[in-house]
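Below, each value reflects all heavy atoms present in this structure, side chains not excepted, and no hydrogens, waters or symmetry copies. In this chain, numbering begins with 1 at the start of the sequence shown.
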Amino acid sequence: MECIDAGDYKIELGGLLASSFEQLLAGYASAKKVIIVDENTHEHCLSSLITSFEALNEAEVILLPEGEENKQMEVAFGVWEALTEYEISRHDLIINLGGGMITDIGGFIASCFKRGCSFVNIPTSLLGMVDASIGGKTGVSLGHFKNQIGVFSNPKAVFIDTSFLETLPSVELYSGLAEMIKHGLIQDKMLFNRVVEQYSDVKQLNQVLLKDCIEVKNTLVKQDPMELGLRKKLNFGHTVGHAIEGHYMNSLKLSHGHAIAIGMLIEAFISIEHASLNEDDFKCIEKFITSNYVVPNFTEEDIDSMVEMLGNDKKNRGGEILTCLIPEIGVCNYDISLSKKVFFEAFKAFKK
Ligand SMILES: NC(=O)c1ccc[n+]([C@@H]2O[C@H](COP(=O)([O-])OP(=O)(O)OC[C@H]3O[C@@H](n4cnc5c(N)ncnc54)[C@H](O)[C@@H]3O)[C@@H](O)[C@H]2O)c1
């Protein structure tokens with residue numbers, strides 16, 4: 001069992017049975033437990049959790065519709081009503097069992113309910129394990145605008161059990177892979193190379209690699225929990241990626257990681273001119289991303305609409321679009337102010 005110190009909580013990496021989850025549940029012996037799942041984690045992950053821990057036999061289960069388009073306020077309202085019906089108090093425990101959609105919305109629901117109810121995250125997707133379940137960002141989207149409403153709020157603990165990945169569809173493994181690549185691109189060239197070398201066996205992911213990817217995020221978050229500076233590096237690929245994800249939310253329905261991978265490709269392209277990224281590094285990034293993720297067939301209208309969405313990005317200040325660029329693999333600069341025109345030209349460069 002690997003234990004990572006995340007400040008006021010711990011991330012445990014290894015089998016759930018060997019973790020301190022049972023101990024944590026014992027601390028909530030007289031409390032009610034609520035497990036939030038989506039359709040897929042209800043089918044593939046819930047029964048193994050409940051049958052492994054007697055303390056969960058009586059837990060209430062709240063089932064949410066699967067998919068990013070359901071990470072919305074209306075869905076949160078429904079859960080708050082259910083929690084009220086179950087007479088859940090601030091001293092009870094919410095367990096988020098799912099990918100990033102569930103840990104984001106579940107964390108948000110718990111944090112706002114009765115001014116803050118305890119919650120733990122048990123991520124079941126690769127993306128959730130290496131990224132979404134850690135760092136304390138919780139929230140929902142507002143229509144197409146990603147994560148517009150939310151709060152910083154830490155779970156009591158995060159328990160990562162890679163056996164949940166056995167049922168995760170391959171497209172979702174690749175989604176998580178994109179965030180692992182990002183962690184290498186922004187902070188550690190060796191890590192980037194290791195992920196590129198080992199990704200083809202993504203189902204057999206080496207625990208050390210997973211832990212090193214988690215450490216990149218955890219270290220940045222610990223230094224800057226409220227994203228005032230260094231933590232912004234984790235947004236590499238996300239200025240463009242969120243616009244792509246939001247734009248195609250109801251059509252292509254790209255996975256989060258897929259959209260971020262294309263976002264990283266375009267932001268790396270912009271980095272050539274605006275951060276002096278060398279051509280060799282760019283080609284290496286381009287080769288990896290384009291051989292694993294399809295670049296959507298952008299039309300002029302798609303590009304106009306995505307560039308328009310950039311104006312509403314959470315990272316912006318005073319009307320400027322602020323983004324991250326990489327001067328080389330393993331180094332990331334943040335708060336770079338760029339005009340919409342730069343993004344417009346970059347999107348156009350990838351238009352088929
Ligand atoms: N809070 C953060 O810091 C942070 C960071 C990165 C991403 N995110 C958010 O995370 C979300 C993306 O996460 P995600 O890719 O995990 O999305 P997700 O939760 O929608 O999961 C992707 C798909 O995999 C399914 N699934 C999950 N676990 C499964 C399993 N074990 N077996 C079978 N199917 C399974 C889900 O039902 C869903 O269909 C986005 O909303 C993104 O904004 C948040």
Novice: Are Ile105 and Ile36 close enough, and set up right, to give a side chain to side chain contact (heavy atoms under 4.5 Å, CB included), and what steps lead you there?
Specialist: CA-CA 10 Å; Ile105 195 171; Ile36 303 184; 5.6 Å; no
Novice: With a 4.5 Å heavy-atom cut-off, do Glu273 and Val342 have their side chains touching?
Specialist: no
Novice: Are there more than 12 heavy atoms of other residues, nucleotides or ligands under 6.0 Å from atom CD of Gln223?
Specialist: yes
Novice: Answer with yes or no whether the hydrophobic clustering places Val61 together with Leu16; edges join I, L, V, M, F, W, Y residues whose side-chain heavy atoms lie under 4.5 Å apart.
Specialist: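 Per the 4.5 Å side-chain linkage, Val61 and Leu16 are co-clustered.
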Novice: Of Phe21, Phe159, Tyr28, which is the lone residue that meets ring-ring contact (aromatic ring centres under 6.0 Å, His included) with Phe53?
Specialist: Phe21
Novice: Should Ile266 and Met309 be counted in the same cluster of Ile, Leu, Val, Met, Phe, Trp and Tyr side chains packed under 4.5 Å apart?
Specialist: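 No, no single cluster joins them.
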Novice: A side-chain contact here means heavy atoms from C-beta on lying under 4.5 Å apart; do Leu209 and Leu191 qualify?
Specialist: yes
Novice: Taking the side chain as every heavy atom from C-beta outward, state whether Lys233 and Glu227 have any atom pair closer than 4.5 Å.
Specialist: no
Novice: Among Phe347, Phe344, Phe343, find the one that has a side-chain contact (heavy atoms from CB on, under 4.5 Å) with Met306.
Specialist: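 The side-chain contact (heavy atoms from CB on, under 4.5 Å) with Met306 is passed solely by Phe347 among Phe347, Phe344, Phe343.
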Novice: Can you check whether Glu166 reaches Ser163 side chain to side chain, under 4.5 Å on heavy atoms?
Specialist: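 Side chain of Glu166 against side chain of Ser163, heavy atoms only: contact under 4.5 Å found.
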Novice: How many angstroms lie between atom NE2 of His242 and atom CG of Asn147, to the nearest 0.5 angstrom?
Specialist: 5.0 Å
Novice: Could you state the interatomic distance from CG (Asn333) to NZ (Lys232), rounded to the nearest 0.5 Å?
Specialist: 12.5 Å
Novice: Salt bridge or not for Arg194 and Glu197, using N-O below 4.0 Å?
Specialist: no
Novice: Can you tell me how far CE of Met101 sits from CG of Leu127, rounded to the nearest 0.5 angstrom?
Specialist: 14.0 Å
Novice: Can you find a pair of side-chain heavy atoms, one from Val221 and one from Ile134, that are under 4.5 Å apart?
Specialist: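 SC-SC contact between Val221 and Ile134 ruled out.
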Novice: Looking at Glu179 and Lys217, does any basic side-chain N land under 4.0 Å from a carboxylate oxygen?
Specialist: no
Novice: Look at atom NZ of Lys348 and say whether more than 12 heavy atoms of other residues, nucleotides or ligands are closer to it than 6.0 Å.
Specialist: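 Incorrect, the count does not exceed 12.
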Novice: State, yes or no, whether a side-chain contact exists between Leu97 and Phe164 at a heavy-atom distance under 4.5 Å.
Specialist: yes
Novice: In terms of side-chain geometry, is the basic nitrogen of Asp281 or Lys189 positioned less than 4.0 Å from the acidic oxygen of its partner?
Specialist: yes
Novice: Would you say that more than 12 heavy atoms from the other residues, nucleotides or ligands in this model lie under 6.0 Å from the NZ of Lys32, or not?
Specialist: yes
Novice: CD1 of Ile11 to CD1 of Ile214: how many Å apart, nearest 0.5 Å?
Specialist: 6.5 Å
Novice: So, do Ile95 and Phe119 sit near enough that their side-chain heavy atoms are less than 4.5 Å apart?
Specialist: no
Novice: Take atom NZ of Lys287 as the centre, draw a 6.0 Å sphere, and report whether it contains more than 12 heavy atoms from other residues, nucleotides or ligands.
Specialist: no
Novice: Could you tell me the separation between the CG atom of Leu13 and the CD atom of Glu215, rounded to the nearest 0.5 Å?
Specialist: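 Nearest 0.5 Å value for the CG-CD distance: 10.0 Å.
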Novice: Could you go through Phe152 and Ser111, starting from their C-alpha distance and side-chain angles, then the distance that decides it, and tell me whether this counts as side chain to side chain contact (heavy atoms under 4.5 Å, CB included)?
Specialist: CA-CA 9 Å; Phe152 286 98; Ser111 307; over 6 Å; no
Novice: Is there a side-chain contact between Ile35 and Ile50 (heavy atoms, below 4.5 Å)?
Specialist: yes
Novice: Could you measure the distance from the CG atom of Asp92 to the CZ atom of Phe113? Nearest 0.5 Å is fine.
Specialist: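 It is 9.0 Å, given to the nearest 0.5 Å.
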Novice: Taking 4.0 angstrom as the limit, do Glu68 and Lys71 come out as a salt bridge?
Specialist: yes
Novice: Within a radius of less than 6.0 Å around CD of Glu22, do more than 12 heavy atoms belonging to other residues, nucleotides or ligands occur?
Specialist: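 Result for CD/Glu22: open.
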Novice: Looking at Lys211 and Glu2, what are the two nearest heavy atoms and their distance?
Specialist: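 Closest approach of Lys211 to Glu2, heavy atoms only: CE-OE1, 3.2 Å.
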Novice: Set out, in order, the CA-CA distance, both residues' side-chain angles and the distance that settles side chain to side chain contact (heavy atoms under 4.5 Å, CB included) for Val37 and Leu64, then state yes or no.
Specialist: CA-CA 6 Å; Val37 287; Leu64 304 189; over 6 Å; no
Novice: Flag yes if more than 12 heavy atoms outside Glu39 fall under 6.0 Å of its CD atom; otherwise flag no.
Specialist: yes
Novice: Would you say Glu66 and His42 are linked by a side-chain donor-acceptor pair, where the criterion is simply a distance under 3.5 Å?
Specialist: no
Novice: Scan Tyr174, Tyr293, Tyr248 and name whichever one has a ring-ring contact (aromatic ring centres under 6.0 Å, His included) with His258.
Specialist: Tyr293
